[in-house]
**Q** 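What follows is a structure written as structure tokens; I'll ask about it next.
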Number of protein chains: 2
Amino acid sequence: VTADAAPLRWEGGALLLLDQRRLPAQEAWLRCETPEEVADCIRTLAVRGAPAIGLAAAYGVALARAGGGDVEAAAELLRGARPTAVNLSWAVDRALSAADPLGFAQRLHEEQRAADRRLSELGAERFAKGDRALTHCNTGPLATGGFGTAGGVLRAAWERDRLAQVWVDETRPLLQGARLTAWELGRAGIPFKVVADSAAGGLMARGLVDRIVVGADRIAANGDVANKVGTYPLAVLAARHGIQFYVAAPVSTIDPDTPTGAQIPIEERDPSEVSDEGNAFNPAFDVTPAELVTAIFTESGVLEAPYAESIARVLALKGG
Amino acid sequence: VTADAAPLRWEGGALLLLDQRRLPAQEAWLRCETPEEVADCIRTLAVRGAPAIGLAAAYGVALARAGGGDVEAAAELLRGARPTAVNLSWAVDRALSAADPLGFAQRLHEEQRAADRRLSELGAERFAKGDRALTHCNTGPLATGGFGTAGGVLRAAWERDRLAQVWVDETRPLLQGARLTAWELGRAGIPFKVVADSAAGGLMARGLVDRIVVGADRIAANGDVANKVGTYPLAVLAARHGIQFYVAAPVSTIDPDTPTGAQIPIEERDPSEVSDEGNAFNPAFDVTPAELVTAIFTESGVLEAPYAESIARVLALKGG
């Protein structure tokens, strides 16, 4: 897997997925021949990252169509595998209505690669030489199947000599930062240090963070952002310290049918992900209010406040 | 170990320490016969918690005196085992100047038990029936050798029917919350849920936290508080959501020779505690500015802003 290679690919009539639960220790590929297997891989995080799971689900619909089973039921199963990501139901719906779902999935993959590149370039323009950026979770090629969203912005900034170092939140409970983002940055040769999620505040207070950039699982029509749990505290701390707080996400992450963050369902995952003892509460996401977001980088432009207007504008553009 | 029992005791001319690194899986006791062994246990966190390491170090000085070696060198070794906790050098200095260091250590232990009880009772008065409190790290009997500081406040509030549930930050990287606080609360029958540290912000935004109470490793003369990394983000989030943010600590935690938090040395621990891959940064503490602290519970009273004055008053009282 290079920075531009995908953690998922279509081969011999099946969807191959790099098992991200085993990274960085092992690079093992899973072969999905049914939509049920794809839904399982999405639910158990073998494939994760909002854009990548949308893609995987589109391929899942293609498998359902090829298999000749109940395509509607398979689509329902895929949609329900992760409740927070809006790309998931968006991609399933579009694949379902396509005459050729496999062709649709492959075109979507190409479109997403291009979108990643474009939003990454737009985001990198906000960076300056010597910047120390902080990020949360994993938003690079592993998360999108392309160049990455927030991770793509970091890579584009690095390529333009506008980045000195990345602070990587380890991202509990599943350590996507320590396992996946560290792995990606290491392979790209970008200097980084992993920190406990709760160390980010102290880093900001000590003047060691210039910018924060994160991805998104769903963006409401008013600009509220649902993303990996721990994003909201970063945004609150960034505001206190006058640090720019960016979100990088394709337009498909914006859900015009979700008026504000209050309407975004927050997936609660198994307590055992947090503690072996079981007595835990494990919300997978939190909501960052639009007022704390400096800018949203999309492939169709950089959105800024007032978000209701800039979002309506970009959606009209995409729809037209 | 019951809630009132100590994780350290003097027996047969040696200091016995409950190895907290092995909890909750195992209850194993370590026998220290030299100050070097005690310093090692402090450095490697077999014993931890500011009040408990102060106690352990005082017993360490007693071992040095009994052993007939270089007591000053042993004291220096003990003082340097953890740089942030001020109780440590305070207890070492007092034990060193005592005619009978063992008698001093035993009296100190008794004094700290009484102080814990008193500050816990004062803190519990601020709680109300039905409260859901959030805490960070471990500040119960394991941390103090007594009733606990923040953990003691929670227990006293529970005994007075002023507490419904505790949210326990797991407290990365060493999981003192998930391992030790959960173990203590479970034994005390207090309802709790462990959460990832970064989930606390979302809990507050959803109205699920009424109060936050934490301990302290050092309090500066102006009321700035050094405590386990992750404390500062909680205080910032609490301020945003209008949630009371309390610190519970004995007066010995206050260092009149540290004017502000900026002068508190922040211990950096081994990166391998955060990540096996090694490329990590691991500050063990952060500093919460006094302006974010609603009140400090001590055995000599509840301190409130302006802290420079309330702290000067309580130190004069103690000194006199």
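Bear in mind that the values here come from a model prediction, so they are computed numbers and not experimental data. In what follows, chains are A, B, ... by sequence order, proteins preceding strands, each numbered from 1.
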**Q** Can you tell me which of B:Met204, B:His241, B:Arg179 forms the most heavy-atom pairs within a distance under 4.5 Å of chain A?
**A** B:His241

**Q** Please round to the nearest 0.5 Å and tell me the distance separating atom CG of A:Leu237 and atom CG of B:Leu237.
**A** 6.0 Å

**Q** Let me confirm one number: the CZ-CZ distance from B:Arg172 to A:Arg172, rounded to the nearest 0.5 Å.
**A** 5.5 Å

**Q** For the interface with chain A, which of B:Gly201, B:Gly202, B:Ala280 has the highest count of heavy-atom pairs at distances below 4.5 Å?
**A** B:Ala280

**Q** Tell me, please, which residues at least two apart from A:Phe245 pass ring pair (Phe, Tyr, Trp, His ring centres under 6.0 Å).
**A** none

**Q** Chain B: which of A:Glu273, A:Lys193, A:His136 shares the most heavy-atom pairs with it under 4.5 Å?
**A** A:Lys193

**Q** Between chain B and each of A:Val168, A:Asp169, A:Leu292, count heavy-atom pairs under 4.5 Å; write down the option with the most.
**A** A:Leu292

**Q** Using heavy-atom distances under 4.5 Å, tell me whether B:Leu234 contacts chain A through its side chain, its backbone, both, or neither.
**A** neither

**Q** Examine whether an atom of B:Pro233 lies under 4.5 Å from a heavy atom of chain A, and if so say whether it belongs to the side chain, the backbone or both; otherwise answer neither.
**A** both

**Q** Can you tell me which residue pairs pass the salt bridge (charged side-chain N to carboxylate O under 4.0 Å, His left out) test with a partner in residues 221-249 of chain A, sequence neighbours excluded?
**A** A:Arg240-B:Glu291

**Q** Residue by residue, scan residues 206-222 of chain A and write down, ordered by number, those that have a heavy-atom distance under 4.5 Å to chain B; if none do, write 'none'.
**A** A:Arg206

**Q** Chain A: which of B:Val195, B:Leu175, B:Asp197 shares the most heavy-atom pairs with it under 4.5 Å?
**A** B:Val195

**Q** Would you please name every residue forming a ring pair (Phe, Tyr, Trp, His ring centres under 6.0 Å) with B:Phe192, sequence neighbours left out?
**A** none

**Q** Contact part of A:Ala182 toward chain B, heavy-atom cut-off under 4.5 Å: side chain, backbone, both or neither?
**A** neither

**Q** Checking heavy atoms, do the side chain of B:Pro271, its backbone, both or neither come under 4.5 Å from chain A?
**A** neither

**Q** For the candidates A:Leu203, A:Val236, A:Asp286, which exhibits the highest count of non-hydrogen atom pairs separated by less than 4.5 Å from chain B?
**A** A:Val236

